[in-house]
Q: 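Take a look at this one; I'll ask things after.
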Amino acid sequence: MVSPRIAIFPGSFDPLTNGHVDLIRRSTHLFDRVVVAVLVNPEKRSLFSVDERLTQIREVCQLLPESAQIEVDAFEGLLMHYALKREACAVVRGLRSGVDFEYERPMATMNAHLAPTVETVCLLADARYAHVSSRLIKEVASLGGSIDGLVPTSICERLLARVRAETATRS
Ligand code: PNS
């Protein structure tokens with residue numbers, strides 16, 4: 001029997017954006033199974049907890065036509081240890097710009113050193129989302145700007161509630 005081709009789509013996803021969703025969908029067209037893997041990083045302050053992010057991402061992915069191919073999980077430590085444990089053949093990353101490329105290149109090279117059997121596959125971000133990052137989404141939302149169409153609707157509502165709560169706590 002031929003083993004399924006598994007790809008890991010790792011990230012912080014704080015929050016998941018429509019750019020991420022587009023990359024997840026496109027990855028399912030290239031691989032049998034795509035594992036969306038949320039990094040557990042206690043040192044990084046996040047807007048949503050890992051459990052909240054897992055729930056949000058699962059809810060969004062369940063509604064995709066490709067849902068049967070998608071799994072949502074969390075991982076700690078080295079990405080390549082996780083990728084090998086999951087018997088993945090690839091890690092998928094999105095590129096929005098040359099800045100992303102320069103950020104990804106040393107990570108991909110280090111990851112190839114750690115696990116030569118796991119290929120890093122970079123997909124170009126769709127032009128609709130080339131300006132979208134989780135950091136900018138949080139900044140725009142917290143300053144009252146529109147993030148319509150850039151974040152899944154279910155997450156958008158929770159994001160606005162959370163940034164409002166944070167702003168109220170600070171003032
Ligand atoms: O969405 P992000 O925050 O840009 O994702 C970065 C991520 C999670 C892919 C990267 O930080 C990572 O792989 N962290 C796990 C620790 C690790 O493997 N570090 C060595 C990378 S060469």
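Atoms within a ligand are numbered from 1 in the order they appear, just like the ligands themselves.
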Q: Would you list the pairs meeting side-chain hydrogen bond (donor to acceptor under 3.5 Å, both in side chains) in which at least one residue belongs to residues 121-136, sequence neighbours left out?
A: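 Only Asp126-Arg128, Arg135-Glu139 qualify under side-chain hydrogen bond (donor to acceptor under 3.5 Å, both in side chains).
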
Q: Using a 3.5 Å cut-off and no angle test, enumerate the donor-acceptor pairs between side-chain atoms of residues 32-41 and protein atoms at least two apart in sequence or in another chain.
A:
unit_1: Asp32; atom_1: OD2; unit_2: Arg5; atom_2: N; d: 2.5
unit_1: Asn41; atom_1: OD1; unit_2: Glu43; atom_2: N; d: 3.2

Q: Among pairs that include at least one residue of residues 77-96, which meet salt bridge (Lys or Arg N to Asp or Glu O under 4.0 Å), considering only residues two or more places apart or in two chains?
A: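 Residue pairs with at least one partner in residues 77-96: Glu71-Arg86, Asp73-Arg86, Arg93-Glu104, Arg96-Asp100.
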
Q: Return a table of N or O atom pairs, ligand 1 on one side and protein on the other, at distances under 3.5 Å, rounded to 0.1 Å.
A:
unit_1: ligand 1; atom_1: 1 (O); unit_2: Ser12; atom_2: N; d: 3.3
unit_1: ligand 1; atom_1: 3 (O); unit_2: Ser12; atom_2: OG; d: 2.7
unit_1: ligand 1; atom_1: 4 (O); unit_2: Arg93; atom_2: NH2; d: 3.1
unit_1: ligand 1; atom_1: 4 (O); unit_2: Tyr103; atom_2: OH; d: 3.4
unit_1: ligand 1; atom_1: 5 (O); unit_2: Arg93; atom_2: NH1; d: 3.4
unit_1: ligand 1; atom_1: 18 (O); unit_2: Leu79; atom_2: N; d: 2.8

Q: Please check if the number of heavy atoms outside Met110 that lie under 6.0 Å from its CE is greater than 12.
A: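 No, the 6.0 Å shell around CE holds no more than 12 heavy atoms from other groups.
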
Q: Taking the side chain as C-beta and beyond, is there a heavy-atom pair between Val60 and Gln56 under 4.5 Å?
A: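 No - every pair of side-chain heavy atoms lies 4.5 Å or more apart.
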
Q: For Leu78, is there any backbone N or O sitting under 3.5 Å from a side-chain donor or acceptor partner on His81?
A: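 The answer is no, because no donor-acceptor pair under 3.5 Å joins these two groups.
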
